[in-house]
**Student:** 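Right, I'll just put the structure down here and ask away after.
Letters A, B, ... mirror the listed sequences (proteins, then strands); counts begin at 1.
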Amino acid sequence: MTFSRTTRRVLLVALALGLAVIYFPLLVVFLNSFNSDTTFGWPPGGFTLEWWGRAAANDGALAALRTSVEAGLAATAIALVLGAMAAFALQRYKFIGRNPISLLIVLPIALPGIVTGIALNNAFRTILGINLGLFTAIVAHATFCIVVVFNNVVARLRRLGNNLEEASMDLGADGITTFRLVTFPMLRSALLAGGLLAFALSFDEVIVTTFTLGAGLETVPIWIYDNLFRPNQAPIVNVVAVVLILASTVPVYLAQRLSGDSASGGRL
Amino acid sequence: MPHQAPDVALGDHPPAASAVPAVRLRGLRKNFGSVTAVDGVDLDIRPGEFFAMLGPSGSGKTTVLRMIAGFEQPTDGTVELGGQDVSRLAPFDRDVNTVFQDYALFPHMNVARNVEYGLRVKGVPRAERRRRAADALRSVRLDDYGRRRPSQLSGGQRQRVALARALVNRPKVLLLDEPLGALDLKLRHEMQSELKQLQRDVDITFVFVTHDQDEALTMSDRIAVFNAGRIEQVGTPQEVYERPATAFVAGFVGTSNLLGGRAAEAVIGMAGLFSIRPEKIRIDGDLARPAGPGETVATGAVTDVVYAGAILRFEVALDAGGRLSVVRQNTDGVPGFTDGRVRLTWRHEHNFPVTGSE
Ligand SMILES: Nc1ncnc2c1ncn2[C@@H]1O[C@H](COP(=O)(O)OP(=O)(O)OP(=O)(O)O)[C@@H](O)[C@H]1O
Ligand SMILES: [Mg+2]
């Protein structure tokens with residue numbers, strides 16, 4: 001498709017505006033985390049690392065960070081195992097109900113968080129009789145983290161086909177050796193990409209978390225929400241927000257690099 | 001252990017006729033749901049043979065090959081390798097290797113690792129497998145390519161790596177599924193003679209799938225012609241070309257003329273369906289001249305002349321009914337026949353009966 005010069009300019013301006021609307025506020029948060037002027041007016045005042053130091057010494061913020069990392073890692077681990085196994089089962093074996101089951105696995109990512117949250121809360125407390133804690137939040141996060149791992153692995157398996165595995169068996173390797181030397185290396189970058197995305201999803205989740213995390217525990221986004229309107233905490237909130245932004249965007253960026261690079265056969 | 005005759009004695013027998021076939025298929029059948037891909041195939045492939053499976057798309061060649069390799073379970077029938085029934089064995093327990101149509105090289109390993117893969121999984125010590133892989137790469141003239149990734153090779157080079165990766169295991173039988181299909185014409189011709197040479201050197205049975213009749217005719221010791229999941233004929237290239245058993249074979253291998261019905265009775269003097277190769281027919285304008293001894297003669301009118309450089313092709317409508325194509329070397333240019341009337345002659349033995357329909 002070719003555009004006239006004017007059209008092209010209009011499109012470029014629209015693109016720039018769109019990106020500015022999204023990223024300018026984030027940039028302000030970032031700058032304010034180094035802003036020595038506590039009124040956070042515009043333009044920013046001097047540069048300081050004080051807020052970062054105060055955040056690093058803030059017990060509430062640190063506890064929240066630890067909870068988030070623990071929940072994220074655990075949910076990602078569960079998602080990697082279950083998501084990859086589900087992907088194998090559905091991609092390599094034909095059975096009745098394959099398509100509906102695929103849909104059921106993917107659905108949690110589309111379900112409204114509030115519904116998932118309430119449903120899980122109800123299931124944990126009244127049906128299973130489990131007290132809410134870190135564990136319940138991890139299970140809740142795993143339900144949607146599985147989706148991204150599953151999708152990544154299914155896409156990779158579909159593109160790989162059976163050819164390489166057949167070639168391996170033809171050359172004398174049994175099923176386990178084939179998995180170890182061929183299938184798994186070819187899946188590694190897809191698993192890593194899926195895991196990174198899953199971690200990012202878990203790290204910035206709020207709604208499901210509020211319904212499934214035990215009392216007295218806070219994740220990073222929930223800590224921010226709680227401290228947002230306490231004036232003396234405002235500078236630290238900015239710092240924590242920057243951490244949250246990084247923890248949820250860097251994995252996405254890496255995951256994209258990995259998926260784009262996968263044509264090289266997953267050299268990782 | 002019972003006493004056995006010394007091996008030397010075996011050398012006195014002609015190997016081909018008496019030896020156990022390298023591959024024996026009996027009543028082989030494969031259904032995919034309601035599709036019958038292979039419909040009862042019986043076949044013996046001799047040790048050391050260059051054997052081609054020729055047939056149109058969808059005729060079941062790949063499916064037969066995959067059942068020999070062990071990737072598909074036969075719905076019915078058996079596969080024997082060197083006299084042993086392997087129908088129920090997994091691919092990794094069969095002494096065959098495959099060169100896949102898309103080569104299926106492992107993209108995450110370099111060329112040397114690809115080639116030594118089979119030895120590695122069989123537990124051959126590192127030093128020996130490195131040496132054998134290097135030898136195999138040399139035999140396909142890729143000595144210096146060991147460190148490259150498959151993605152850094154041309155199509156022809158990948159093809160040769162796939163060949164080396166299979167041959168390094170010294171299988172009894174090598175299966176090749178249209179290994180030259182992805183190559184351009186020139187490279188293809190080069191690889192055809194290379195492959196043939198290689199097969200003579202390594203003395204391994206090659207089973208080669210192709211739908212290119214020239215490739216099958218020029219390369220193989222014997223050909224099986226497939227049609228709709230069955231074998232129509234097995235024979236040497238000469239037998240298949242000169243004496244096609246069925247109308248299908250006559251039409252698929254080379255171009256063929258078929259004469260049947262009243263035309264056959266009038267011209268050949270027998271009822272039935274007959275095939276005549278276009279290059280066996282002489283064409284001239286001497287309408288009155290009678291047939292020579294051992295010759296069949298027919299008159300007709302030229303309906304079309306196709307100029308193809310080295311040859312000319314005439315389409316002739318016979319007075320007795322039916323049509324024949326005739327090709328002739330372009331020695332004297334395009335001849336003019338009076339009113340397009342011509343006389344066609346050929347030797348009796350060049351029309352032969354085939355089964356099937358026109
Ligand atoms: N896995 C499968 N599932 C269903 N049908 C199949 C399968 N594999 C092959 N077939 C069908 O079996 C028939 C024979 O296929 P096959 O691949 O053996 O043909 P072929 O002779 O190798 O053809 P080509 O020259 O196009 O490669 C075809 O009708 C094909 O559609
Ligand atoms: Mg095929």
**Student:** Run the salt-bridge test on B:R222 and B:E49 with the 4.0 Å N-O cut-off and return the result as yes or no.
**Tutor:**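 Result for this pair is yes, salt bridge flagged.
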**Student:** Do A:S102 and A:N99 pair up side chain to side chain, a donor and an acceptor below 3.5 Å, judged on atom types alone?
**Tutor:** no
**Student:** Measure distances from B:N97 to the heavy atoms of chain A and classify the residue's part below 4.5 Å as side chain, backbone, both or neither.
**Tutor:** both
**Student:** Using non-hydrogen atoms only, which part of B:L119 is less than 4.5 Å away from chain A: side chain, backbone, both, or neither?
**Tutor:**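 No part of B:L119 comes within 4.5 Å of chain A.
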**Student:** Is any side-chain heavy atom of B:R126 closer than 4.5 Å to one of B:E116?
**Tutor:**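 B:E116 vs B:R126: side chains apart.
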**Student:** Indicate the atoms forming the closest heavy-atom contact of B:T63 with B:K30, along with that distance.
**Tutor:** CG2-CG, 3.7 Å
**Student:** Using non-hydrogen atoms only, which part of B:D93 is less than 4.5 Å away from chain A: side chain, backbone, both, or neither?
**Tutor:**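 The answer is neither part of B:D93.
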**Student:** Please tell me whether B:D85 and B:S87 have a donor and an acceptor in their side chains that are separated by less than 3.5 angstrom.
**Tutor:** yes
**Student:** For the interface with chain B, which of A:L164, A:D170, A:N163 has the highest count of heavy-atom pairs at distances below 4.5 Å?
**Tutor:**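 Top count of heavy-atom pairs under 4.5 Å with chain B: A:D170.
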**Student:** Highest number of heavy-atom pairs under 4.5 Å with chain A: which of B:R94, B:R165, B:K122?
**Tutor:**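 Heavy-atom pairs under 4.5 Å are most numerous for B:R165.
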